[in-house]
Amino acid sequence: MSVLIFADQVEGVVKKSALEAIQYGSKVAQLLHTTASAIVLGAADDAALATLGNYGVTKVLHVAAPSLNEVDAAAYTHVIAEAAAQESADVLVFPFNFDGRAIAPRVAARLKAGLVTGAISLPDLAGGFVVKKNVFSGKAFASVNITSATKVVAVMPNTFALEPSGLTAEVVNFNTSIPPAKVKVLQREVISGEVPLSEATLVVSGGRGLKGPENWGLVEDLAKALGATTACSRPVADAGWRPHHEHVGQTGLAIRPNLYIAIGISGAIQHLAGVNGSKVIVVINKDPEAPFFKAADYGIVGDAFEVVPKITEAVKALQ
Amino acid sequence: MKILVCISKTPDTTAKIAFTDNNTKFSEAGVQFIVNPYDEWYALVRALELKEATGATVHLVTVGGADTEPIIRKALALGGDEAFRINANSQDSYYIAAQIAALAAQQGYDLIFTGKETIDFNGSGIGGMVAELLQLPFVSIAAKFELNGNTATIRREIEGGEEVNQVTLPVVVSCQKGMAEARIPNMRGIMAARTKPLTVSEPVAADTLTSIVSFELPPAKAGVKLIPADNPAELVRLLHEEAKVI
């Protein structure tokens with residue numbers, strides 16, 4: 001019996017959502033009085049992987065095969081299932097990020113394990129293995145009991161704050177057969193130099209109230225002063241003012257930053273579904289009747305073109 | 001070519017979320033149900049575009065009770081040749097995936113489309129599970145899908161960017177915004193849907209691996225604290241000193 005955590009990486013750097021999953025899995029292991037290991041696939045520096053011990057694992061299995069540098073859900077599933085067998089893992093933990101969404105369900109089906117995705121609590125072991133998750137696009141929570149012997153939990157990103165311990169983990173090369181990837185990656189475009197929206201703790205978002213893409217400097221200046229990532233509402237992405245990957249809401253990305261600043265966004269229910277997990281919501285809108293104010297923690301009723309530059313200045317003054 | 005589109009019945013995006021029976025059941029009172037938007041707008045419509053371009057056959061499947069039939073007829077009204085309803089009520093993704101995989105194994109599909117998630121349980125599990133049960137490749141969260149003969153070129157989202165994948169059919173794909181533009185069924189489609197074949201079958205034996213114990217609503221917000229527009233610096237002070245987020 002043990003806990004195995006899948007930690008995905010980009011160019012040798014383990015994603016923040018994966019660190020959160022490692023910490024979550026390590027805490028599950030404590031609750032179960034067992035040990036936790038992480039598994040990292042693809043090229044990565046072993047010395048860097050040893051620092052994953054910061055988040056509670058004592059061992060990191062590393063499969064350095066170059067064929068795993070690209071994520072193929074089927075090949076990854078095979079390797080993770082082999083590792084789970086070797087480690088006698090009965091709880092497998094994934095980050096509920098893009099890779100986790102592709103791989104966790106496959107692994108669950110392979111191991112005939114009950115799956116809970118988007119977990120926002122540690123398991124309650126009093127009545128089985130009960131994990132709380134977001135449902136109805138963040139408008140409610142469900143407590144789900146995993147009744148199978150093997151369990152798979154995918155952890156909601158930006159839900160558990162990281163608490164590095166300073167400990168290091170032992171890194172072990174794990175050798176296993178690797179099936180050829182059936183999905184080829186032809187091309188990859190990642191916006192560099194910015195925290196991905198899905199992992200951002202501070203987000204500044206703009207809506208139709210900004211009137212046009214030429215005014216986005218307002219959003220970008222505030223984001224830059226805060227060290228935040230920019231986002232937008234659906235009409236803005238649909239109009240092509242901003243790229244689709246910035247769109248948050250029901251049909252875009254659902255995010256859970258510590259701070260979400262909405263500028264010129266009215267707050268339709270579909271938009272709220274993508275941001276209602278934010279810890280603090282600030283709404284700046286000239287319409288006092290904008291529905292977003294009902295979901296906000298702080299608000300300013302005013303003209304964004306006058307108010308936002310002053311906020312940016314005040315943020316700079318703070319630093 | 002045969003395409004299967006997985007359809008789920010969900011509450012409308014604007015539905016009031018409430019629970020009954022000591023918070024163990026979703027309250028359906030006054031709730032309008034729709035085809036899960038990801039299944040309809042992206043998975044189904046892209047499948048119909050492929051049908052129009054290549055003459056493919058499009059099948060729909062849902063796992064649910066008789067109450068899901070209006071939903072599947074609505075999906076048929078958009079297009080699609082034939083539908084299957086597997087007569088089971090389940091909230092466990094493994095059980096549901098096992099039903100869909102059993103139908104797919106029997107029918108043999110070149111392409112299986114699901115939505116990226118349902119807007120009620122937000123599980124994101126069915127596509128990957130069906131792919132694993134059928135030992136097919138899986139591409140998740142696709143925003144664009146092009147077909148050239150037997151080769152699919154798929155643009156999918158990754159953290160902070162996009163990736164272009166290539167895969168030989170058969171494949172399972174979970175679909176999101178960008179795959180296709182939403183369509184509205186026309187009268188001819190609605191009339192035709194009434195007579196399209198809808199086969200009801202009993203579920204195959206499969207294990208249920210999870211169960212929902214209870215639901216709860218998030219605690220109500222304390223209410224917005226309004227800051228005067230002429231003093232935005234006060235907002236920054238509150239975010240720093242009170243909320244401690246910056």
Side-chain angles (χ1 to χ4, degrees), chain A residues 15 73-74 77 97-98 101-102 105-106 108-110 114-118 130 134-137 139-148 182-191 196 198 226 244-245 250-251 258-259 269-270 280 293 295-302 307 310-311 314-315 318, chain B residues 13-14 17 37 92-94 97 119-125 127-129 131-133 137-141 143 153 157-168 176-178 207 209-218 221 224-227 229 232-233 235-236 238-240 243 245-246:
Chain A
K15 292 177 187 169
T77 296
N97 57 18
F98 287 93
R101 279 176 190 257
R106 279 202 88 119
R110 159 98 45 132
L115 171 70
V116 172
T117 58
V130 179
N134 270 3
V135 288
F136 298 102
S137 306
K139 285 173 248 171
F141 311 120
S143 293
V144 184
N145 190 13
I146 307 182
T147 50
S148 51
K182 286 185 180 162
V183 179
K184 279 198 208 91
V185 178
L186 298 185
Q187 191 189 331
R188 177 178 298 134
E189 295 159 22
V190 179
I191 297 19
S198 52
L226 284 165
H244 172 62
H245 70 255
Q250 180 107 55
T251 51
N258 290 341
L259 173 63
I269 195 161
Q270 291 85 353
V280 173
F293 283 115
D297 300 282
Y298 300 99
I300 295 181
V301 179
V307 169
K310 288 182 191 158
I311 298 175
V315 169
L318 188 69
Chain B
T13 52
T14 56
I17 306 302
D92 178 56
S93 45
Y94 180 83
I119 62 165
D120 49 5
F121 293 108
N122 307 113
S124 260
M129 286 186 173
E132 181 62 23
L133 292 170
F138 175 49
V139 177
S140 63
I141 320 197
T153 306
E157 265 190 53
I158 55 172
E159 262 88 20
E162 287 184 329
E163 195 175 83
V164 180
N165 292 171
Q166 197 168 66
V167 61
T168 306
Q176 73 143 346
K177 196 182 172 199
D207 285 325
L209 308 178
T210 60
S211 67
I212 294 179
V213 179
S214 63
F215 293 99
E216 62 192 281
L217 295 170
K221 282 263 182 189
V224 61
K225 193 178 263 191
L226 286 176
I227 293 123
L235 171 70
V236 176
L238 288 167
L239 292 177
H240 182 61
V245 287
I246 62 171

To the nearest 0.5 Å, what is the distance between CG (B:L239) and CD1 (A:I311)?
-> 8.5 Å
In terms of heavy-atom proximity below 4.5 Å to chain A, should B:P37 be classed as side chain, backbone, both, or neither?
-> neither
When the 4.5 angstrom heavy-atom criterion is applied to A:I269 and chain B, the contacting part is side chain
Under 4.5 Å heavy-atom distance to chain B, tell me which part of A:V185 shows up: side chain, backbone, both or neither.
-> both
What's the spacing between A:F98 CZ and B:E162 CD if we round to 0.5 Å?
-> 10.0 Å
In terms of heavy-atom proximity below 4.5 Å to chain A, should B:A233 be classed as side chain, backbone, both, or neither?
-> both
Provide the closest heavy-atom pair for B:G123 versus A:T117 in the form atom of the first, atom of the second, distance.
-> O-OG1, 2.7 Å
Considering only heavy atoms, which portion of A:L318 lies under 4.5 Å from any heavy atom of chain B: side chain, backbone, both, or neither?
-> side chain
Distance, nearest 0.5 Å, that separates CG of A:N145 from OG1 of B:T210 | 8.5 Å
Heavy-atom distances under 4.5 Å only: say whether A:N134 touches chain B with side chain, backbone, both or neither.
-> backbone
Nearest heavy-atom contact between B:P137 and A:V183 is CB-CG2, 4.0 Å
Tightest non-hydrogen contact, residues B:K177 and A:T251, listed as CB-O, 3.8 Å
Where on A:Q250 is there a heavy atom nearer than 4.5 Å to chain B: the side chain, the backbone, both, or neither?
-> both
Contacts of A:A140 meeting side-chain contact (heavy atoms from CB on, under 4.5 Å) (sequence neighbours excluded), chain-then-number -> A:V135, A:F136, B:I17, B:F19, B:L217
Considering non-hydrogen atoms only, spot the tightest contact between A:L115 and B:G125 and give its length.
-> CD2-CA, 4.2 Å
Under a 4.5 Å heavy-atom cut-off, does chain A meet the side chain of B:L238, its backbone, both or neither?
-> both
Straight-line distance of A:K182 NZ to B:N165 CG, nearest 0.5 Å | 14.5 Å
Among A:L226, A:D297, A:L259, find the one that has a side chain to side chain contact (heavy atoms under 4.5 Å, CB included) with B:V245.
-> A:L259
Cut-off 4.5 Å, heavy atoms of chain A, and the answer for B:Y94 is side chain
Turns out that what part of B:V213 lies under 4.5 Å from chain A's heavy atoms comes down to both
Considering only heavy atoms, which portion of B:Q176 lies under 4.5 Å from any heavy atom of chain A: side chain, backbone, both, or neither?
-> side chain
Identify which part of A:S198 has an atom lying under 4.5 Å from any heavy atom of chain B, answering side chain, backbone, both or neither.
-> side chain
By side-chain contact (heavy atoms from CB on, under 4.5 Å), which residues pair with B:S124, not counting sequence neighbours?
-> A:F96, A:R101, B:E117
Against chain A, label B:I141 side chain, backbone, both or neither, depending on which of its atoms sit under 4.5 Å from a heavy atom there.
-> side chain
